[in-house]
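Just so it is clear, the model here is predicted, and its values are computed rather than measured.
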Amino acid sequence: MLVIMIAFFAIIIAVNVAMASLARSSWSGLVVKNSYVAGQDFNRRLKESREQLALGYKGTLTAGQDEITYALVDAQGKAMKMASARASFSHPVYEAADWSIDLASPDGKTFSGRHGLRDGVWIVTIESDIGLSRPYAEVRRVTISGGVIQ
């Protein structure tokens with residue numbers, strides 16, 4: 001009877017450990033504060049994203065030596081003039097680690113800022129004012145290792 005009880009609890013503990021490690025390694029990090037409101041907003045945000053993609057702009061984000069640099073080019077590859085740019089780094093799981101930085105530029109084309117980059121997986125949102133009715137927003141998931149975007 002003792003062996004059966006020990007085997008039973010060993011199986012339960014093994015399954016719990018396996019499920020917890022699978023959940024931790026496979027979770028996408030998608031966090032929404034209010035799924036109902038996010039669902040109502042989905043179609044509008046999708047339309048805005050499609051309109052923005054149709055512009056054909058391409059942003060370049062680089063990071064290294066505690067400096068973040070962002071530049072934006074139009075569909076023809078010509079550098080875009082921006083009034084301002086802001087980079088927000090969101091941790092996929094741990095909201096308290098999120099941080100933002102306002103980027104500055106001497107010429108209005110390449111924006112940069114100094115900040116100690118933390119290693120890990122981050123969702124970076126770069127919003128830049130290029131004269132549209134709303135800021136041009138670019139979102140990407142990056143991995144930072146050794147202070148450099150991989």
Side-chain angles (χ1 to χ4, degrees), residues 11-150:
I11 291 171
I12 298 294
I13 291 170
V15 169
N16 282 335
V17 167
M19 295 302 262
S21 53
L22 284 173
R24 182 177 168 96
S25 67
S26 66
W27 186 49
S28 68
L30 183 62
V31 178
V32 178
K33 290 185 180 185
N34 187 331
S35 60
Y36 178 74
V37 172
Q40 288 180 322
D41 218 20
F42 179 77
N43 288 335
R44 179 188 59 79
R45 292 178 62 197
L46 183 63
K47 181 182 175 224
E48 289 173 357
S49 294
R50 287 184 178 153
E51 289 171 355
Q52 184 173 296
L53 283 173
L55 295 173
Y57 298 163
K58 184 177 181 200
T60 304
L61 176 71
T62 56
Q65 302 296 348
D66 294 336
E67 183 173 41
I68 303 158
T69 305
Y70 180 72
L72 186 66
V73 297
D74 62 14
Q76 289 77 35
K78 183 180 170 191
M80 298 280 302
K81 185 120 172 120
M82 298 178 276
S84 65
R86 178 176 185 80
S88 300
F89 287 72
S90 303
H91 195 274
V93 180
Y94 188 57
E95 204 172 90
D98 298 355
W99 55 279
S100 297
I101 182 171
D102 289 319
L103 304 175
S105 172
D107 61 0
K109 294 182 180 177
T110 301
F111 280 74
S112 63
R114 298 195 68 77
H115 194 288
L117 300 172
R118 294 180 225 141
D119 289 351
V121 176
W122 297 91
I123 299 170
V124 183
T125 304
I126 303 112
E127 292 184 336
S128 51
D129 180 3
I130 58 172
L132 300 175
S133 60
R134 61 185 174 276
Y136 180 83
E138 187 174 344
V139 180
R140 58 179 78 176
R141 182 175 274 220
V142 300
T143 301
I144 298 175
S145 179
V148 178
I149 294 178
Q150 302 300 308

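No side-chain heavy atom of Glu138 sits under 4.5 Å from any side-chain heavy atom of Ser128. A heavy-atom distance below 4.5 Å is not found between the side chains of Phe111 and Ile126. Within the 4.5 Å cutoff, side-chain heavy atoms of Met82 are placed close to those of Tyr70. No side-chain heavy atom of Arg44 sits less than 4.5 Å from a side-chain heavy atom of Leu46.
Considering OG1 of Thr125 and CZ of Phe89, their distance stands at 9.5 Å, rounded to 0.5 Å. Between the CG atom of Leu55 and the CG atom of Leu72 there is a distance of 9.5 Å, given to the nearest 0.5 Å. Within the model, atoms CG of Leu53 and CZ of Arg50 stand 9.5 Å from one another, a figure rounded to the nearest 0.5 Å. The distance from atom CD of Gln40 to atom CG of Asn34, rounded to the nearest 0.5 Å, is 8.5 Å.
Residues satisfying the side chain to side chain donor-acceptor pair (under 3.5 Å) test with Ser88, not counting sequence neighbours, are Ser100. Checked against salt bridge (charged side-chain N to carboxylate O under 4.0 Å, His left out), Asp102 has the following partners two or more places apart in sequence or in another chain: Arg86.
The two residues Gly120 and Trp122 have their closest heavy-atom pair at O-CD1, 3.4 Å. When all heavy atoms are compared, the tightest approach of Arg141 to Ile123 is NH2-CD1, 3.7 Å. Of all the heavy atoms in Leu117 and Asp66, the pair that sits closest is N-OD1, 3.7 Å. When all heavy atoms are compared, the tightest approach of Gly108 to Ser105 is N-OG, 2.7 Å. Closest of all the heavy-atom pairs between Tyr57 and Asp74 is CD2-CA, 3.5 Å. Contact between Leu103 and Ile68 at its shortest, heavy atoms only, is CD2-O, 4.2 Å.
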After noting the C-alpha distance and the side-chain angles of Val124 and Ile149, does the key distance pass the side-chain contact (heavy atoms from CB on, under 4.5 Å) rule?
CA-CA 11 Å; Val124 183; Ile149 294 178; 5.9 Å; no
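The stretch residues 107-133 participates, sequence neighbours left out, in no salt bridge (charged side-chain N to carboxylate O under 4.0 Å, His left out) pair at all.
Under a 3.5 Å cut-off, the side chain of Glu67 and the backbone N or O of Ser112 do not form any donor-acceptor pair.
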